[in-house]
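Have a look at the structure below, then the notes.
Residues take their numbers from the sequence shown, with the count starting at 1. Both backbone and side-chain heavy atoms feed into the values below; hydrogens, waters and symmetry mates do not.
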Amino acid sequence: MPGEPINVVGPAWAIVALLILGGLALMASMFDGVLAARSSSGTSGALRQSTRPFDEAARLMRQRRRTTVKADRPLWRIGGAGLLVAAALMVTVVPLGEWTLFDFDVGVVWFNAMDVMVWAVVWLAGWGANSTHSLVGGYRFLAHNLGYELPLMFALVCPAIAAASLNVGVVQSAQENLWFVVWMPLAFVVYLIGVLGFSVWGPFTPAFGADIAGGAQAELSGVDRLLFNAGRYALLAAGAAFAVPMFLGGGAGPLLPAWAWTLVKTLVVLAALVWLRRKVPAVRPDKFMEIGWLVLLSAALLQMLVVSVVVVVGS
């Protein structure tokens with residue numbers, strides 16, 4: 001529950017955290033498949049599509065890795081597996097109830113740093129293949145980043161200002177009486193847009209556009225493609241999990257233990273993010289940079305001003 005001290009668990013619990021992250025990513029993938037099938041073939045097709053992640057994983061594990069001429073293979077491999085690594089590092093500072101793997105004093109900054117690491121990972125996947133289409137996709141992703149990263153950063157600053165700390169556990173405890181999402185709705189929305197961005201999801205999929213033959217993942221195949229796509233779902237799950245202590249009161253809730261409420265809230269946010277994929281159209285990078293700098297950044301700064309005024313007046 002909020003207000004309780006955050007206990008740092010041993011390294012062995014990292015395996016449990018990875019299993020939870022993997023389970024959430026798998027559930028997101030299954031839900032995405034169901035939504036795709038319902039839009040095309042109705043409920044019966046949706047039931048069949050619920051097993052699609054397993055079929056696709058088996059297919060990619062059997063598939064031979066594609067090679068390209070003069071590819072930078074080490075960088076290419078890093079790009080393929082890096083998204084999963086970034087997602088795993090993100091959840092190390094997310095409290096599961098009153099437990100966490102790392103209780104950094106600057107946990108909010110840590111999460112933001114892992115988000116920035118995704119920039120390099122996706123770009124390396126595009127650069128390492130030595131292919132025109134994949135390189136164009138990598139640069140499209142960087143262009144989208146220029147539009148969402150600053151708004152995301154200021155959105156995360158708002159809860160930190162209200163809690164007077166960059167420690168995620170302290171931010172969670174500061175919401176004992178009122179969840180931050182109630183009086184920071186702009187920051188919450190901007191944060192979720194940022195999660196969609198670094199997961200290359202929904203409106204941020206032009207980096208994988210059909211017009212560039214799949215873009216950053218055009219040359220990925222076999223296990224590399226499996227890891228890359230799994231990493232996208234894992235990033236969605238990590239972003240949803242981080243929203244819980246930052247905006248949704250952490251493990252606060254009746255009847256259930258704190259860790260259970262954390263998982264329930266994470267699942268709700270994750271389902272909303274997956275659902276938004278087919279409800280929000282893709283946005284050209286140049287167009288989104290205008291939206292990001294003129295609308296999202298202004299909204300995040302306005303929210304930060306309101307939070308700062310409330311904190312100063314309240315003190």
If you group Ile, Leu, Val, Met, Phe, Trp and Tyr by side-chain heavy-atom gaps below 4.5 Å, do L236 and L89 land in one group? yes
Closest approach of V171 to P245 (non-hydrogen atoms, all atoms of both residues): CG1-O, 3.8 Å
What distance separates L305 CG from I161 CD1, expressed to the nearest 0.5 Å? 9.5 Å
Under a 4.5 Å cut-off applied to non-hydrogen side-chain atoms, are L273 and L196 in contact? yes
So, do L248 and V269 sit near enough that their side-chain heavy atoms are less than 4.5 Å apart? yes
Distance-only polar pair, side chains of S131 and E219, donor-acceptor under 3.5 Å: yes
side-chain contact (heavy atoms from CB on, under 4.5 Å) with W201: of D32, L235, V195, only one passes, and it is D32
Under 4.5 Å between any side-chain heavy atoms of D103 and T100, yes or no? yes
Spell out, yes or no, whether L21 and F242 are grouped together once hydrophobic residues are joined by side-chain heavy atoms under 4.5 Å, including indirect joins. no
Measure the shortest side-chain to side-chain distance between F104 and N167 over non-hydrogen atoms and say whether it is less than 4.5 angstrom. no
Are the side chain of R232 and the backbone of V200 linked by a donor-acceptor contact shorter than 3.5 Å? yes
Donor-acceptor contact present, side-chain S29 to main-chain A25, <3.5 Å: no
Specify whether H144 and F288 have parallel, tilted or perpendicular ring planes, treating 30° as the upper limit for parallel and 60° as the lower limit for perpendicular. perpendicular
Distance col, row M90:CE vs W110:CH2, nearest 0.5 angstrom, shows 11.0 Å
Which label fits W183 and F180: parallel for a plane angle under 30°, tilted from 30 to 60°, or perpendicular past 60°? perpendicular
Is any side-chain heavy atom of M246 closer than 4.5 Å to one of V181? no
Would you say S134's side chain and A216's backbone share a donor-acceptor pair under 3.5 angstrom? no
For F208 together with F228, are the ring centres under 6.0 Å from each other? yes
Could you tell me whether D286 atom CG has more than 12 heavy atoms of other residues or ligands within 6.0 Å of it? yes
To the nearest 0.5 Å, what is the distance between CG on L226 and OG on S221? 11.5 Å
Decide if atom CE of M27 counts as having more than 12 heavy atoms of other residues, nucleotides or ligands within a radius under 6.0 Å. no
Heavy-atom count around I15 CD1 within 6.0 Å, excluding the residue itself: above 12? no
Under the side chain to side chain donor-acceptor pair (under 3.5 Å) criterion, do D224 and Q217 qualify, and how do the steps go? CA-CA 9 Å; D224 293 327; Q217 60 178 353; over 6 Å; no
Tell me whether L75 shares a hydrophobic cluster with V223, the cluster being built from Ile, Leu, Val, Met, Phe, Trp, Tyr side chains joined at under 4.5 Å. no
Calculate, to the nearest 0.5 Å, the distance between atoms OH and CE belonging to Y191 and M184 respectively. 14.5 Å
Identify the residue among L152, L146, L150 that makes a side-chain contact (heavy atoms from CB on, under 4.5 Å) with Y148. L152
With a 4.5 Å heavy-atom cut-off, do L96 and I20 have their side chains touching? yes
Rounded to the nearest 0.5 Å, the CG atom of L256 sits from the OG1 atom of T262 at a distance of 10.5 Å
If only side-chain N and O atoms count, and only distance matters, is there a donor-acceptor pair under 3.5 Å linking N130 with D72? no
Mind checking whether L18 and W13 sit in one hydrophobic cluster, side chains of I, L, V, M, F, W, Y counted as touching below 4.5 Å? no
How about F198 and F204: are their ring centroids closer than 6.0 Å? no
Is there a donor-acceptor pair closer than 3.5 Å between any side-chain N or O of K265 and the backbone N or O of G251? no
Using side-chain heavy atoms (C-beta onward) and a distance below 4.5 Å, is L24 in contact with Y233? no
Close side-chain approach of W76 and L124, heavy atoms under 4.5 Å: no
How many angstroms lie between atom CZ of R225 and atom CD of Q63, to the nearest 0.5 angstrom? 8.0 Å
W259 atom CH2: more than 12 heavy-atom contacts under 6.0 Å: no
Taking atom CH2 as the centre, does W123 end up with more than 12 heavy-atom neighbours from other residues, nucleotides or ligands that are less than 6.0 angstrom away? yes
Check whether V168 and V106 end up in the same hydrophobic cluster, where Ile, Leu, Val, Met, Phe, Trp and Tyr are linked by side-chain heavy atoms less than 4.5 Å apart. yes
